[in-house]
There are 2 protein chains.
Amino acid sequence: MKKLRNITPLENLSLVDKVENRLKEYFRENNLKIGDSIPKELEFAEALGVSRTVIREALLRLRTIGVIESKKRKGMVLTQPDIIQNFEKAIEYNLLGEQTLTDIFELRLILEMGMADLLFARMTKEDIEDLDTIVAEQEKEEVNTSIFSLEHEIAFHGKLYEMSNNTTLQRFQDLLLPVFSYVHDNMSPEAKNFKYSKGTFVTHRDLLNILKTGTPERFREAMRNHLEPHLEKVLHMAK
Amino acid sequence: MKKLRNITPLENLSLVDKVENRLKEYFRENNLKIGDSIPKELEFAEALGVSRTVIREALLRLRTIGVIESKKRKGMVLTQPDIIQNFEKAIEYNLLGEQTLTDIFELRLILEMGMADLLFARMTKEDIEDLDTIVAEQEKEEVNTSIFSLEHEIAFHGKLYEMSNNTTLQRFQDLLLPVFSYVHDNMSPEAKNFKYSKGTFVTHRDLLNILKTGTPERFREAMRNHLEPHLEKVLHMAK
DNA sequence: TATCTTTATATGTATGACATAATACAAAAA
DNA sequence: TTTTTGTATTATGTCATACATATAAAGATA
């Protein structure tokens with residue numbers, strides 16, 4: 001039998017899919033902005049000639065991704081979708097694959113190495129003081145317990161993100177924390193041991209000092225060393 | 001009248017909200033993984049004592065964020081949510097605020113500066129050849145038209161993301177392209193003019209050469225220069 | 001064995017009814 | 001007048017039922 005080629009399959013969209021597309025068109029055509037209210041379900045249903053059920057399903061999708069909000073009696077209004085929140089929802093279900101998790105962890109490394117210029121441009125005296133406190137706290141505890149604590153790790157690096165003054169980036173990191181701890185927990189014991197061994201590698205204190213008196217370039221290099229155990233693991237991983 | 005204090009409002013979750021939470025619990029308790037199939041709508045409805053409508057709405061939310069897929073007659077199975085796709089959907093509606101767009105653009109700069117180590121560790125001979133072609137193409141056209149083309153910009157930087165070999169990162173950039181062009185279009189003419197003015201700033205060719213014979217540090221520094229006009233604009237923006 | 005046809009079934013769509021919460025407005029109280 | 005309280009209205013939220021549709025799986029046909 002001759003192979004069938006060059007024939008595009010006819011689109012197989014469900015009614016809800018079509019309605020969703022029409023809604024998107026509608027928003028575009030009418031140039032609707034955040035805060036604008038949209039017609040009620042029954043009006044849409046009538047105008048498009050479908051049941052309220054279908055309209056509701058389409059609208060519900062929009063509600064789920066945060067494009068609209070609805071209130072009883074008041075109706076529906078367009079809202080600014082919270083891109084991070086969608087992310088979050090997906091993660092809550094613990095269904096991200098190994099590869100995605102690794103990718104995301106890698107993303108963290110990239111972010112922290114790339115953040116240098118932003119940090120130097122935006123850091124304030126208060127930021128430095130905060131970091132000082134965080135590092136001092138860590139050093140005090142480590143003398144006693146000599147146990148690596150994920151908490152301090154998060155406190156220090158979290159503060160860096162905060163200093164970036166980029167809300168999206170910051171929330172991104174908030175939400176990725178569980179991923180970080182996941183990867184952290186699943187790291188080989190060896191990697192854990194030689195991590196942050198003072199002297200060999202750059203410590204939080206070192207990073208802080210560079211922030212105080214150094215340059216973005218030096219900071220990047222230092223951060224690279226600081227993250228080296230992670231980097232090594234990730235870089236040489238079979239992809 | 002005495003002021004009312006210390007009374008927490010009682011939770012006001014819709015039925016669908018509650019059902020959604022119960023479903024999440026259910027997945028957790030039964031330790032369900034990607035690929036596992038779940039009971040049908042009617043069974044859930046009966047088990048939870050609510051109408052099929054409510055169950056469907058809750059399930060639809062999950063379907064929207066990509067946690068489940070459903071097929072007629074077959075039922076529903078857990079799927080790996082595509083975090084990028086969710087992002088994408090939100091963006092399609094053109095409802096992201098100015099601030100978010102700026103944040104995201106900033107994110108791009110951070111990513112490209114932070115990517116250096118990854119690139120050097122993972123680039124192949126073919127990658128370099130591809131880049132060579134892209135740059136040559138650009139140079140040829142620029143001689144004729146001397147017009148800056150977003151296309152070449154995207155081709156070159158897109159290739160870099162591709163070379164990172166990080167699928168998530170790559171798709172992230174794919175989806176952010178519209179944001180990039182948006183910010184690009186809205187840039188002040190001055191910024192556009194002194195951008196990539198050969199000689200003054202680092203060109204794509206320069207970056208490529210560093211990739212061939214240089215080091216990650218040099219590449220980072222070069223990329224910093226290359227992106228300087230963008231960086232300046234963003235760094236000194238009132239936040 | 002391979003291919004076609006039928007059948008059972010879970011999701012998809014339609015309809016109509018009622019519940020609920022939020023608004024606007026009227027009425028009452030201060 | 002101002003503030004509080006009640007009431008009607010209305011758009012979304014929930015329910016029940018029926019039917020449409022696609023398709024996996026079983027059965028029939030070659």
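By convention in this document, chain letters (A, B, ...) are assigned in the order of the sequence lines, proteins followed by strands, and residues within each chain are numbered from 1.
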Task: Any side-chain heavy-atom pair of A:E151 and A:I154 under 4.5 Å - done: no
Task: Test item: A:L211 and A:M123 side chains (from C-beta on) under 4.5 Å apart, heavy atoms - done: yes
Open item on the list: Given B:R52, which partner from the list B:E46, B:E43, B:E41 fulfils the salt bridge (Lys or Arg N to Asp or Glu O under 4.0 Å) test?
Closed with: B:E41
Open item on the list: Walk me through whether A:E92 and B:R61 qualify under salt bridge (charged side-chain N to carboxylate O under 4.0 Å, His left out).
Closed with: CA-CA 13 Å; A:E92 270 177 13; B:R61 289 186 185 175; over 6 Å; no
Open item on the list: List the residues meeting ring pair (Phe, Tyr, Trp, His ring centres under 6.0 Å) with B:Y93, not counting sequence neighbours, and say none if there are none.
Closed with: none
Task: Letter per nucleotide, 5' to 3', of nucleotides 7-17 of chain D [B base touched, S only sugar-phosphate touched, - untouched; heavy atoms, 4.0 Å] - done: --BBBBBBB--
- [ ] Output, in order, the C-alpha distance, side-chain angles, deciding distance and verdict of salt bridge (charged side-chain N to carboxylate O under 4.0 Å, His left out) for A:E20 and B:K89.
- [x] CA-CA 11 Å; A:E20 193 192 347; B:K89 282 222 163 194; 3.4 Å; yes
Open item on the list: Tell me whether the count of non-hydrogen atoms from other residues, nucleotides or ligands lying under 6.0 Å of NZ in B:K159 goes above 12.
Closed with: yes
Task: Any side-chain heavy-atom pair of B:E57 and A:R56 under 4.5 Å - done: yes
- [ ] State, to the nearest 10°, the angle formed by the axis through the first five base pairs of the helix from C:dT1-D:dA30 to C:dA30-D:dT1 and the axis through its last five.
- [x] 10°
TODO: Rounded off to whole Å, could you give me the CG-to-C1' distance for the B:L60 and C:dG12 pair?
DONE: 11 Å
